[in-house]
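Here the structure is laid out as structure tokens; the discussion comes afterwards.
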Amino acid sequence: MAAEVPRIADLASVLEPHLNGGKLVSYTSRYLTKPGDNYGSVMLALTANIEKPSGETEDIPLIAKLPPITNDLFWQMFQPERTCLTENAVYKYLSSALRDIQLEAGIPETEIFDGFPKYYGSRISLNPDAEKVDRDALLLQENLQTSGFKAGNRQVFFNLEQTKFILLELAKFHALPIALRLKKPEFFDKYIRPYFHRFNMNNMPQEMKETMDSDLYKEIAIATDNNENYINRFKELMKEYDEFLSQPDAKDDLYTTISHCDLWINNLMLKYDENGVATKVKFVDFQIAQYESVAHDIIFLLFSSVEVPVLEEHMDEFLILYYNAFIDCLKSVNVPTEQYSLLGFMKEIHRSAPVEICHATFMTKILLADNSTMPDDYKDMDMNVMSKNVGGKKIKEKIIEIIRLAEKFKLLYKD
């Protein structure tokens, strides 16, 4: 039996300010994603029937993003009191500010970074005076699928051309907030920095955390034929990753920016031309975005979501491609780049890489989880579902390759 779709109270008050005088007549909705494809929120595909000032009506396809209202465990883990505010800030403040600094630098409209979905309003509560996120929180954005964007498939990784295109756009996504901080520090400190604090994913029952760690070590043992060196290294890395999650916010540095921090294949949508070539990308799901080094997104994306043979053959090319695009973007908005050497960038990659290798390895059992192990209803979803996938053939093969390539590119240990 299909799960009942949550109803949205007072949708009009959020949506109508973004309709140029239009009024909401009615709406229909359905679940957008399946259990296992999204954890920190409830995603609905929504069609809003709108009456325009002319009296004509039209249907607007939207995505409604709700906090994990059906799952108390995920509410605890994903902390909507923080994550909803962060994601709202991306659309309310960051996206428009990045657009403005590009226009002010004389960049043509057709060349402006356009990596965010269109925003149709948000709230943290039905109470307009509320200061804390509650279960009536809501974010509305365009339904990208209806305009030709295709969602990623967590079991089909990015190929060479897709990866190169994404990295070019990722470089802009990272460079522009740095430019914003340097060019408009007062705005950045008031409207950006307060919403992107460190996010600690380990806010879960201790027993669950221990099970998740134990599962990871089992996966490493299975993949490496019980190699004690690798098992011990990943125990060290998990400790380092936990320490990373609990440390204070990153300090201002050359490569510190608004980092997505969850940049895997499900959180990117691509649009293709008639020849199947990617022409546009949208970054989505900014719940755990934070102020951090660019390196975290780069390594996690490459090792979690790119085809293994492609990564093996093109790793250096990918890093240089990203670096050059990053520098070009900074120059395009008149930010001096003399301090940004390629050597310094590579050191930054190697400094941050080990914890993201751990992150990507842990993520493998989520990426490649067998759909048959997933529940039918979101409220029945929990991280223990992943234990059912320990030792899966695809997961084992992917982890072997992550470890092999991390060693090959000297990313498993800090220099």
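Please read these numbers as outputs of a predicted model, since none were measured by experiment.
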Which heavy atom in Ala360 sits nearest to a heavy atom in Phe303, and how many Å separate them?
CB-CB, 3.9 Å
N-O pairing of Arg233 and Glu407 below 4.0 Å
no
Less than 4.0 Å between a side-chain N and a carboxylate O, is that true for Glu236 and Lys239?
no
Could you tell me whether the side chains of Thr146 and Asn143 share a donor-acceptor contact shorter than 3.5 Å?
no
Salt bridge flag under 4.0 Å for residues Lys396 and Glu219:
no
Heavy atoms from other residues, nucleotides or ligands near NZ of Lys184 exceed 12 (cutoff 6.0 Å):
yes
Evaluate whether atom CD of Glu243 has more than 12 neighbouring non-hydrogen atoms of other residues, nucleotides or ligands under 6.0 angstrom away.
yes
Asp297 versus His174, side-chain donor and acceptor atoms under 3.5 Å
yes
What do you reckon, are the aromatic ring centroids of Phe116 and Phe283 less than 6.0 Å apart?
no
Looking just at side-chain N and O atoms, do Tyr255 and Glu292 make a donor-acceptor pair shorter than 3.5 Å?
no
Between Arg404 and Glu312, is there a salt bridge with N-O shorter than 4.0 Å?
yes
Are Glu186 and Lys190 within salt-bridge range, i.e. N to O under 4.0 Å?
no
Is the shortest side-chain N to carboxylate O distance from Asp213 to Lys235 below 4.0 Å?
no
Modelled atom types, side-chain donor and acceptor of Asp249 and His197, under 3.5 Å:
yes
Verdict with supporting geometry, Tyr241 and Phe362, ring pair (Phe, Tyr, Trp, His ring centres under 6.0 Å):
CA-CA 11 Å; Tyr241 187 61; Phe362 168 80; 8.2 Å; no
Using distance alone, with no hydrogens and no angle criterion, decide if Ser293 and Glu348 have a side-chain donor and acceptor under 3.5 Å apart.
yes
For Tyr291, the option from Thr256, Asp252, Thr257 that meets side chain to side chain donor-acceptor pair (under 3.5 Å):
Asp252
Hey, is Arg99 close enough to Asp114 for a salt bridge, meaning N to O under 4.0 Å?
no
Taking all atoms of both residues into account, what is the closest heavy-atom pair of Glu142 and Tyr120, and its distance?
N-CD1, 3.8 Å
I need the Ile349 CD1 to Phe409 CZ distance, nearest 0.5 Å.
12.5 Å
Between Lys172 and Asp328, is there a side-chain N and carboxylate O pair less than 4.0 Å apart?
no
Is a salt bridge present between Glu169 and Lys280, judged by a nitrogen-to-oxygen distance below 4.0 Å?
no
Would you say the side chain of Met346 lies within less than 4.5 Å of the side chain of Ile320, judging by non-hydrogen atoms?
yes
Taking atom CZ as the centre, does Phe113 end up with more than 12 heavy-atom neighbours from other residues, nucleotides or ligands that are less than 6.0 angstrom away?
yes
With no hydrogens and no angle check, do the side chains of Thr279 and Asp273 hold a donor and an acceptor under 3.5 Å apart?
no
Which atom pair, heavy atoms only, marks the closest approach of Glu87 to Leu139?
CG-CD2, 3.6 Å
Could you verify whether a donor N or O on one side chain and an acceptor N or O on the other, from Tyr195 and Asn88, lie under 3.5 Å apart?
no
